[in-house]
Amino acid sequence: MRTVHVRIEGRVQGVYFRAWTAENARALGLSGWVQNCRGAAVEAVFSGDPGAVATMLRRCEDGPRDAIVANVTVMSEGGAIPDGFSIRRSG
């Protein structure tokens with residue numbers, strides 16, 4: 001298992017990024033959450049098979065069609081493994 005906490009910056013709010021992230025993470029069998037942050041960023045936690053986490057990180061570099069991703073930063077690794085995948089309110 002691999003768990004990462006990431007910050008995704010660019011034009012990632014108002015472009016369906018959270019819902020897109022949840023759909024992709026669930027399709028890859030990942031647990032975790034995603035939420036909008038103050039400013040032009042989204043934070044997420046992805047937990048699951050290391051290969052699936054790596055795939056999700058690569059997908060986040062592009063995001064949904066209308067997104068313009070400037071940066072994907074892994075802020076930390078490890079931590080508690082979430083149960084399921086959720087979209088959190090803006091933080």
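Here the structure is a predicted model, which is why all the values come from computation and not from measurement. The figures here come from the full heavy-atom set of this structure, side chains too, leaving out hydrogens, waters and symmetry mates.
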message: My understanding is that a hydrophobic cluster links ILVMFWY residues whose side chain heavy atoms are under 4.5 Å apart, including indirect links. Using that, what else belongs to the cluster containing Ile81?
response: Met1
- prompt: Do any pairs count as a salt bridge (Lys or Arg N to Asp or Glu O under 4.0 Å) and have a residue in residues 3-14, sequence neighbours left out, and if so which ones?
  reply: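 Applying salt bridge (Lys or Arg N to Asp or Glu O under 4.0 Å) to every pair that reaches into residues 3-14, excluding sequence neighbours, yields Arg7-Glu9, Arg7-Glu43.
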query: For residues 62-76, which residue pairs qualify under salt bridge (Lys or Arg N to Asp or Glu O under 4.0 Å), counting only residues two or more places apart or in two chains?
result: none
Enumerate, atom names and distances included, each donor-acceptor pair closer than 3.5 Å involving a side-chain atom of residues 45-58, sequence neighbours excluded.
{"from": "Ser47", "atom 1": "OG", "to": "Thr3", "atom 2": "OG1", "distance (Å)": "2.7"}
{"from": "Asp49", "atom 1": "OD2", "to": "Gly51", "atom 2": "N", "distance (Å)": "2.9"}
{"from": "Asp49", "atom 1": "OD2", "to": "Ala52", "atom 2": "N", "distance (Å)": "3.1"}
{"from": "Thr55", "atom 1": "OG1", "to": "Gly51", "atom 2": "O", "distance (Å)": "3.0"}
{"from": "Thr55", "atom 1": "OG1", "to": "Arg58", "atom 2": "NH2", "distance (Å)": "3.1"}

Under 3.5 Å, which donor-acceptor pairs link side chains of residues 13-27 to any protein atom two or more places apart or in another chain?
{"from": "Gln13", "atom 1": "NE2", "to": "Cys37", "atom 2": "O", "distance (Å)": "2.7"}
{"from": "Gln13", "atom 1": "NE2", "to": "Gly39", "atom 2": "O", "distance (Å)": "2.9"}
{"from": "Gln13", "atom 1": "NE2", "to": "Ala41", "atom 2": "O", "distance (Å)": "2.7"}
{"from": "Tyr16", "atom 1": "OH", "to": "Glu23", "atom 2": "OE2", "distance (Å)": "2.7"}
{"from": "Arg18", "atom 1": "NH1", "to": "Arg88", "atom 2": "O", "distance (Å)": "3.1"}
{"from": "Thr21", "atom 1": "OG1", "to": "Phe17", "atom 2": "O", "distance (Å)": "2.7"}
{"from": "Asn24", "atom 1": "OD1", "to": "Arg59", "atom 2": "NH1", "distance (Å)": "2.9"}
{"from": "Asn24", "atom 1": "ND2", "to": "Trp20", "atom 2": "O", "distance (Å)": "2.8"}
{"from": "Arg26", "atom 1": "NE", "to": "Phe85", "atom 2": "O", "distance (Å)": "3.4"}
{"from": "Arg26", "atom 1": "NH2", "to": "Phe85", "atom 2": "O", "distance (Å)": "2.7"}

field: Partner set under side-chain hydrogen bond (donor to acceptor under 3.5 Å, both in side chains) for Glu77, not counting sequence neighbours
entry: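 Partners of Glu77 under the side-chain hydrogen bond (donor to acceptor under 3.5 Å, both in side chains) test: Arg2.
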message: Val34 and side chain to side chain contact (heavy atoms under 4.5 Å, CB included): which single residue from Ile87, Ile8, Val6 fits?
response: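 That would be Ile87.
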query: Do Val4 and Val12 belong to the same hydrophobic cluster, where Ile, Leu, Val, Met, Phe, Trp and Tyr are linked whenever their side-chain heavy atoms lie under 4.5 Å apart, directly or via other members?
result: yes
query: Are Val42 and Ile68 linked, directly or through other ILVMFWY residues, by side chains that come within less than 4.5 angstrom of each other?
result: no
